[in-house]
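This structure is a prediction, so every number in the text was calculated from the model and none was measured. Order of listing sets the numbers, starting from 1, for every ligand and every atom in it.
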Amino acid sequence: MDRVFNFSAGPSTLPLPVLEEARDDLLNYKGCGMSVMEMSHRSQDYQNIIDTAEADLRDLMKIPDNYSVLFLQGGGTLQFSMVPLNLLRNTGKADYIVTGTWAKKAYTEATKFGDIRVAASSEQDGFTWVPKLGAADFRSDADYVYITTNNTIYGTRYNYIPDTGGILLAADQSSNFLAEEYNVGDFGLIYAGAQKNVGPAGVTIVIIRRDLLGHAPENTPVYLDYKIHADKGSMYNTPPCFSIYIAGLTFQWIKKQGGVRAIQQHNLEQATKLYTVIDNSSLFNAPVQAEDRSHMNVVFTTGNDELNAKFVAEAKEKGLVNLKGHRSVGGMRASLYNAMPDEGVDALISFMKDFELANR
Ligand SMILES: *Cc1c(COP(=O)(O)O)cnc(C)c1O
C-alpha cells in the first residue's frame, strides 16, 4: 500500500521530510556509527540533539529566558497529576474550565491534591462550545486556573485567552501545540504530549516559568517534581531519546515552513475549506458552535450512524483513513494537524462531495 492520508487524532501524521531524514539516519546517525536509539543519552552526539531541539523550540515559540523547557515521559495524563502537585503551592486552590474529556480527567485527578473547583463546564451541551470567562469567574486566591486550549475529541478551541486577573494560567496544549501562536508569557505553564502534532508518542513537553519550580511537597515522588528535571536539563533519568530526536526534526521542519504564524495561517485555510464544505452540505453537519471550532480536529456527522459507518469505510478504501469520530462522540473527525498536506484535505473534500451525491 502507498502512504495514505491519515486523519488520526493521535498518534498522527508526521511531515514526510521528517520521516525521510529519520530513515536516512536510522542505522548510522550522521556517521557516528549507530542509531539515535542506541546512543547513550550522556554522549555528546545526543547532547547536541536535545540542545538543538530545545533551542529550535525556544526560537519557534519565542520562549522567554525565565522559562524552563522540559522533555518528560508519562504523556498528557501524567501532567494531570504533576500540574496540581507542583502548582498548588500557596492556598491549595485551583479553578478548572472543563471543556472536554481531557479537561475533565485533569480536573478529577487534581481533586486528589487540593481544593479544586469547576469554574465552568460545557458538558451539559456535549462540550460543543467553550465558556467565555473573565477575572470575576475565578477565586481570587486560586493558585492557578487550568484550561485545555484545543479539545481534541469534541473539536473545539479557545478563541481567546481568559483574563484571570493575575492568577497563574496553566494550559494543556497537546493538540494545538505549535499550530497556533501563543504568547508564552501569558502562561505560567504550558504542556503538550508530542503525539498529536510534534512527533511519536513518548515525550511530553513542559514549558514552565522558573519561579514556579521548587514548590512541590517534600513527599513528591522524584520523577513528578519539575525542579528535578529542570536542574538536570531533562536528564535526571534516561529521557525518551528517540521521540525527542523526531520532535527536534519536526521543529526544524516548522521553521522551514515559515514558523508558527505561517503554520497557523495554513491550518486555518485548510480547516476553513473543510468547514465550508460541511456548512454548504445537505448531508453533513458540524455539531460545534461555529466560533469555537477547532482548526485541528474537525468533527462532523450525517446524523445517521449507519451512514457514518459507510462513509468511514468507503473513505478508507480511497486511502483516507482514521476518520471515525471518538467513541464518546460518534460521527466523523478529521484531524488536520500541521503535517496534513493540502492534497489530503482536497481528497477528503472531493470524496465527501461524491459521497453526498451517492447517498442523498
Ligand atoms: C491526547 C490528549 C491527552 C492525553 O494524552 P496522553 O499522552 O495519551 O496521556 C491530554 N490532553 C489532550 C488535549 C489530548 O489531546
(request) Name the orientation class of the two ring planes belonging to Phe311 and Phe351 (parallel below 30°, tilted from 30 to 60°, perpendicular beyond 60°). (result)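 Ring orientation of Phe311 relative to Phe351: tilted.
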
(message) Run the ring-ring contact (aromatic ring centres under 6.0 Å, His included) test against Tyr245 and tell me which residues pass, sequence neighbours left out.
(response)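 Tyr245 satisfies ring-ring contact (aromatic ring centres under 6.0 Å, His included) with Tyr29, Phe242 only.
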
(message) Just to verify, what does Phe80 make a ring-ring contact (aromatic ring centres under 6.0 Å, His included) with, not counting sequence neighbours?
(response)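 For Phe80, no residue satisfies ring-ring contact (aromatic ring centres under 6.0 Å, His included) once neighbours in sequence are set aside.
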
(request) Examine the side chains of Asn237 and His41 and answer whether a donor and an acceptor come within less than 3.5 Å of each other. (result)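 Short answer, no.
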
N/O donor to acceptor pairs below 3.5 angstrom from side-chain atoms of residues 326-336, sequence neighbours left out:
unit_1: His326; atom_1: ND1; unit_2: Ser328; atom_2: N; d: 3.1
unit_1: His326; atom_1: ND1; unit_2: Ser328; atom_2: OG; d: 2.8
unit_1: Arg333; atom_1: NH1; unit_2: Thr152; atom_2: O; d: 2.8
unit_1: Ser335; atom_1: OG; unit_2: Asn297; atom_2: ND2; d: 3.0

Show the distances, to 0.1 Å, for all pairs joining an N/O atom of ligand 1 and a protein N/O atom that are shorter than 3.5 Å, listing one pair per line.
unit_1: ligand 1; atom_1: 7 (O); unit_2: Gly76; atom_2: N; d: 3.0
unit_1: ligand 1; atom_1: 7 (O); unit_2: Gln195; atom_2: NE2; d: 2.9
unit_1: ligand 1; atom_1: 9 (O); unit_2: Gly76; atom_2: N; d: 3.2
unit_1: ligand 1; atom_1: 9 (O); unit_2: Thr77; atom_2: N; d: 2.8
unit_1: ligand 1; atom_1: 9 (O); unit_2: Thr77; atom_2: OG1; d: 2.5
unit_1: ligand 1; atom_1: 11 (N); unit_2: Asp172; atom_2: OD2; d: 2.6
unit_1: ligand 1; atom_1: 15 (O); unit_2: Thr152; atom_2: OG1; d: 2.4
unit_1: ligand 1; atom_1: 15 (O); unit_2: Lys196; atom_2: NZ; d: 2.6

(message) Using 0.5 Å steps for rounding, measure from the OH atom of Tyr144 to the OG1 atom of Thr91.
(response)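 It comes to 10.5 Å.
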
